[in-house]
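Chain identifiers are assigned alphabetically (A, B, ...) following the order of the sequence lines, protein sequences preceding nucleic acid strands; residue numbering begins at 1 within each chain. Being a predicted model, the structure only gives us computed values, none of them experimental.
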Protein chains: 2
Amino acid sequence: MKVLIIEDDALHRSYLNEAVRSALPECDAVTESENGRLGEVEARKLRAEFVVMDLQMNERNGIEAARTIWRERPDTKILFWSNYSDEAYVRGVSRIVPEGATYGYVLKSTSEERLKLALRSVFLESQCVIDREVRGIQQKGMGSGHGLSDAEYEILVDVALGLTDKTIASRKKLSLRTVQNRLQQLYEKLEVYQEDGDDESRYNLRTRAVAVALMRRVLNASAVERAERDLQDDAGY
Amino acid sequence: MKVLIIEDDALHRSYLNEAVRSALPECDAVTESENGRLGEVEARKLRAEFVVMDLQMNERNGIEAARTIWRERPDTKILFWSNYSDEAYVRGVSRIVPEGATYGYVLKSTSEERLKLALRSVFLESQCVIDREVRGIQQKGMGSGHGLSDAEYEILVDVALGLTDKTIASRKKLSLRTVQNRLQQLYEKLEVYQEDGDDESRYNLRTRAVAVALMRRVLNASAVERAERDLQDDAGY
DNA sequence: GCTTGTCCTGCGGGAACCCGCAAGTCAGTG
DNA sequence: CACTGACTTGCGGGTTCCCGCAGGACAAGC
């Protein structure tokens, strides 16, 4: 049994290494990669079945790395080990996990015990392990609360990229008015409405929406970057 | 000599603690705080003269914490120890360092030797130590390159907050046209211009600008949050 | 069948935005 | 002094955005 670790922080990497060795005595080889890009090639080379990785990495984001790893080998078992339970990350992960794949998502703040437990559950028992806090975020997105629906999230991303209504419409094959309708739903969800009080302190709803999304951690820079790359791919087909 | 450590990652915290003790034998007390908010009160309580802190923290960002610490005691010596050299952080720090204060900025990726060296230089010799990589970012901002001037940066932040031209104008005591002029400078600097090719793939310049700024790491979520708080303070004076 | 709810679409207008043109201020320089 | 360059302001118009109103498509339920 071989395990691949992808993590750009040296301290965390060695901590993970130790945790893996101690939690999985049946593991006879642990390989380390320092970022997403290297991790991808390493995974390909090793034909890795078991991966534990960070999400926020400089060179290449964990989500992108996981996406290509899973694309090449959908039955890879991946345990995400992240600092944050931001909606942007959680949503990013659930967007790319293939049908029936097993994975885990634990926070770096959890105890060593739980980390080891998660390693065993995910790798040996093929059981999905999601930190309760992360779970909460996930539910909120789906539930009736002030979470965004998929349609709303997609338009949010397009707006955050800086596209015009018209461009979004043609990309998504919708009429202009429909796009604008969804935008209005988005504005309601994000509570970006003008306090009808005095004249001052009015917002540009469009940019205000992305500001609020950023502050609520619904969106983050890497989500925008991923979307940007998809956009470029689209354009230069 | 007492040193205060503010860092929310447990591993990094204990690593720092060890580094401080070994680099500064004259240090007889090391205190740890797990986030910016707690760090502020601890600094006040201890009347700390020597602080080493992370920048990116959940509860309260390092920049905000440093700002209040320096406001109460401008001669505090602070060593920032961060994962990133993003322009947003670097600019955020240089914005708040008081006249004549001594501080340092080293990346977490540097070797233990250099960290210890920085600790001694900043705390004992009152010498500013800035990682060469960080230095590079700093220069780029000032220099003639495609860095943003202060005026441009400020308007970028206001736009990213979602304010309208008119609101920005009245806040900054400028005419509407001036604001729009600065916006155009900003668009040039960020190279946000329509490829005059076909009709499709046009951008909404305003939101596109913040997208580009995010991707270039000129801006990040915490910068927006700081600005938002300042804005609220302004409004509810 | 009728109703109710949800989603897409068109029209139209008022506001905001993007931006070229021109004129004015103010500093520094020959 | 005139001249250049950087910054500010006003005007005007073409475009995009925000959004109310109204109509149509489709599914679910009394």
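- In this structure, the CD1 atom of A:Ile155 is 13 Å from the P atom of C:dC7, given to the nearest Å.
- Distance CG (A:Asn181) to C1' (D:dG23): 13 Å, rounded to an integer number of Å.
- Screening residues 120-134 of chain B for salt bridge (Lys or Arg N to Asp or Glu O under 4.0 Å) gives B:Glu26-B:Arg120 as the qualifying pairs, with residues at least two apart or on separate chains.
- When the P atom of D:dT8 is taken as reference, atom CD of B:Glu152 falls 11 Å away, rounded to whole Å.
- Residue A:Asp158 forms a side-chain contact (heavy atoms from CB on, under 4.5 Å) with just one option from A:Val179, A:Thr167, A:Leu163, and that option is A:Leu163.
- B:Arg182 places its CZ atom 16 Å from the P atom of C:dC17, with the value rounded to the nearest Å.
- The separation between B:Leu186 atom CG and C:dC19 atom C1' is 15 Å, rounded to whole Å.
- A salt bridge links A:Arg217 and B:Glu225; the closest N-O separation between the charged side-chain nitrogens and carboxylate oxygens is under 4.0 Å.
- B:Leu174 comes within 4.0 angstrom of the backbone, heavy atoms only, and of no base.
- Listed by chain and number, the residues in a side-chain contact (heavy atoms from CB on, under 4.5 Å) with B:Thr102 are B:Lys77, B:Val122, B:Ser126, B:Cys128 (sequence neighbours excluded).
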Protein-nucleotides 11-16 of chain D N/O pairs closer than 3.5 Å?
none

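- Under 4.0 angstrom from either OP1 or OP2 of C:dT9 there lies at least one side-chain N or O belonging to A:Ser175.
- Considering only residues two or more places apart in sequence or on other chains, B:Glu40 meets the salt bridge (Lys or Arg N to Asp or Glu O under 4.0 Å) condition with B:Arg60.
- Going from atom CG of B:Leu176 over to atom P of D:dG10 covers 9 Å, rounded to whole Å.
- Minimum atom distance to the side chain of B:Gln184 is reached by C:dG20, of the listed C:dG20, C:dC8, D:dG20.
- Listed by chain and number, the residues in a side-chain hydrogen bond (donor to acceptor under 3.5 Å, both in side chains) with B:Arg229 are B:Glu64 (sequence neighbours excluded).
- If you measure from atom OH of B:Tyr203 to atom P of C:dC18, you get 16 Å, rounded to the nearest angstrom.
- Rounded to an integer number of Å, the gap from CG of A:Leu205 to C1' of D:dC19 is 10 Å.
- Residues forming a salt bridge (Lys or Arg N to Asp or Glu O under 4.0 Å) with B:Arg44 (at least two apart in sequence, or on another chain): B:Glu72.
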